[in-house]
Protein chains: 2
Amino acid sequence: MTQYCYDYPRPAVTTDICLFTVVDDDLKILLIRRGLEPFRGSWALPGGFLQETETLDQCAARELAEETGVQGAHLEAFATFSAPDRDPRFRVITAAYFALVPAQAHALASGSDADEARWHSMAKLPKLAFDHRDIIRAAREALIARLDREPLALALLPARFTLTQVQKVYEAVEGQPLDKRNFRRSFLARGWIQETGDMERGRQRPAMLFEKI
Amino acid sequence: MTQYCYDYPRPAVTTDICLFTVVDDDLKILLIRRGLEPFRGSWALPGGFLQETETLDQCAARELAEETGVQGAHLEAFATFSAPDRDPRFRVITAAYFALVPAQAHALASGSDADEARWHSMAKLPKLAFDHRDIIRAAREALIARLDREPLALALLPARFTLTQVQKVYEAVEGQPLDKRNFRRSFLARGWIQETGDMERGRQRPAMLFEKI
DNA sequence: ATGCTAAAGTGTTATGCATACACTTATACA
DNA sequence: TGTATAAGTGTATGCATAACACTTTAGCAT
């Protein structure tokens, strides 16, 4: 911290949010098509400028709700991006967050400053604005790294879920198949979930429904 | 990212650096006594304002050099602090870094905006300015978490070192004793270091000197 | 009712890794 | 030469991980 009076130009500060979900065994990210320059027409991460009275965490939650209608997602900061020329207009540094929601029908509201919001498969991303491709790559790495330490997979699932659904979340995020018996044994051993006693009935043998402890 | 013209007040952006070293089996952090208000006379982390043409990483390295004379330290960002009232003067958000240097004689220069720089034992910290106590607590947790995944301990040691020195670094950071044989076996298994062939001669049996691969 | 389909559910073995634990060796120095 | 001090070394045990295939249960079509 300096002691002299501070009158240098200040950078703008934003949050950008990588909102993930898993649909049909596929990891998807929510992108917004930009309506204005720069990068008009390109896809970009939801996000926006920090306001005077809010923390970065609050900013990320607010911008996500405003631009996509998603509330209550699991939000976690994972990195900051600060290259001086990352925004062609003026200096902007951004705190990058990842967010997780269950793959249900979300009312994907087009917010005030976003034309169109759509889920994109992580397998084939479109051309992206700014350095958002770098941010997304870092987000996926952060997500994979934390998936084994925290019960993040549960944030990608509805309140009640089957073990096979959990396994498919892991497979989608990590991009590789897992052994069924080993996965069940080790995941149950974490003590993150418990049986509900109810069964999910489908076309085949019913599956036990679990819930977060 | 928004599309409207951006003319809101911008927060100031700083970096704060938790510079650690291990001296006499004790984890120490470098603090600077503030010469001006606010918190005049309190101890604080080195750090300062982001300049227009530099990244946050560059800012942290520059501020560390300016305020303490330390160059070439291992620097890593671990969190961002953004509570709106964390600085009583005006809005400041800070990117927090930890930095690691070997416990050698460092010319602890008193920089332009710092009266006095001194190593403090993490065991008993003085009263600290701003939210720096929170930042330091988070830095130690981040350091412990990464010590097992990256060869960070080597950044706290000179270029050539003995295995006992490495063990003492781990013990100082984690705050608990470790088994000698198990530590050596598992640390060597990481493949981070190699024998130099030279021995360190002291008052007792000579110890093999190792170096980073 | 019966058979077919599809996903749920379940155990054992082998291997590697973490843990606990004590004595011998090499040097400096008195 | 003997004493003090830190360096250096091996094994046995438990635990977690990895590999691997078949049985069970229901829905549905015939």
Side-chain angles (χ1 to χ4, degrees), chain A residues 22-26 103 144-151 153-154 157-158 160-211, chain B residues 22-26 103 144-151 153-154 157-158 160-211:
Chain A
V22 175
V23 185
D24 298 334
D25 310 349
D26 188 34
I144 291 174
R146 296 182 201 192
L147 205 59
D148 279 330
R149 309 183 205 298
E150 305 166 53
L154 307 186
L157 290 168
R160 292 149 63 92
F161 47 83
T162 68
L163 272 179
T164 298
Q165 285 178 286
V166 182
Q167 182 175 346
K168 294 201 163 171
V169 164
Y170 273 81
E171 289 175 334
V173 173
E174 294 174 5
Q176 59 181 344
L178 297 170
D179 179 85
K180 190 178 184 178
R181 282 168 292 186
N182 292 337
F183 176 81
R184 286 167 174 248
R185 191 181 324 111
S186 68
F187 191 79
L188 283 173
R190 311 257 159 125
W192 291 339
I193 62 172
Q194 62 191 3
E195 294 190 355
T196 61
D198 297 338
M199 307 294 276
E200 162 138 298
R201 305 180 61 84
R203 275 179 294 281
Q204 305 84 20
R205 174 172 174 176
M208 175 58 70
L209 283 167
F210 289 81
E211 63 189 358
Chain B
V22 175
V23 186
D24 299 334
D25 312 348
D26 188 36
I144 291 175
R146 297 184 201 191
L147 205 60
D148 279 330
R149 312 184 202 296
E150 304 166 54
L154 307 185
L157 291 168
R160 292 149 61 92
F161 48 82
T162 68
L163 272 179
T164 297
Q165 285 178 288
V166 182
Q167 182 175 346
K168 294 200 162 171
V169 164
Y170 273 80
E171 290 175 334
V173 173
E174 295 175 3
Q176 58 180 345
L178 297 170
D179 179 85
K180 190 177 183 178
R181 283 168 292 187
N182 293 337
F183 176 81
R184 286 166 175 250
R185 188 179 328 109
S186 68
F187 191 79
L188 284 172
R190 312 258 159 122
W192 291 338
I193 63 173
Q194 61 191 4
E195 293 190 356
T196 61
D198 297 338
M199 307 294 275
E200 161 138 297
R201 305 180 60 83
R203 277 177 295 278
Q204 307 83 19
R205 174 172 175 176
M208 174 59 70
L209 283 167
F210 289 81
E211 64 190 359

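So that the names make sense, note that chain A is the first sequence line, chain B the second, and so on, each numbered from 1.
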Rounded to the Å, how far apart are [X] [atom1] and [N] [atom2]?
X      : N      : atom1 : atom2 : value
A/Q204 : D/dT23 : CD    : C1'   : 16 Å
B/Q167 : D/dA7  : CD    : P     : 9 Å
A/N182 : C/dT13 : CG    : C1'   : 12 Å
B/E200 : D/dT5  : CD    : C1'   : 14 Å
A/F183 : C/dA8  : CZ    : P     : 12 Å
A/L209 : C/dG9  : CG    : P     : 9 Å
A/D179 : D/dC22 : CG    : C1'   : 14 Å
B/L163 : D/dA7  : CG    : C1'   : 10 Å

Between A/Q167 (side chain only) and A/R184 (backbone N and O only), is there a donor and an acceptor less than 3.5 Å apart? no
Does a distance-only test, which skips hydrogens and angles, find a donor-acceptor pair under 3.5 Å between the side chain of [X] and the base of [N]?
X      : N      : answer
A/R181 : D/dC20 : yes
A/R185 : C/dT12 : yes
B/R205 : C/dT25 : yes

If you measure from CG on B/L154 to CZ on B/F187, what distance do you get to the nearest 0.5 Å? 4.5 Å
Quick check for you: to the nearest 0.5 Å, what is the distance between A/M208 atom CE and A/T196 atom OG1? 6.0 Å
Side chain of [X] only, please: which of [options] is the nearest?
X      : options                : result
A/R203 : D/dG27, D/dC20, D/dG8  : D/dG27
A/R184 : D/dA26, C/dT10, C/dA26 : C/dT10
A/P206 : D/dA26, C/dA7, D/dA19  : D/dA26

Starting at the 5' end of DNA chain D, which residue's closest nucleotide do you reach first, B/A207 or A/S186? B/A207
When the nearest nucleotide of DNA chain D is assigned to A/R201 and to B/T162 on a heavy-atom basis, which residue is associated with the more 5' position? B/T162
Hey, does B/V166 have a side-chain heavy atom less than 4.5 Å from the side chain of B/Y170? yes
Is any side-chain heavy atom of A/N182 closer than 4.5 Å to one of A/R185? yes
Are B/T164 and D/dA6 close enough that a side-chain N or O sits under 4.0 Å from OP1 or OP2? no
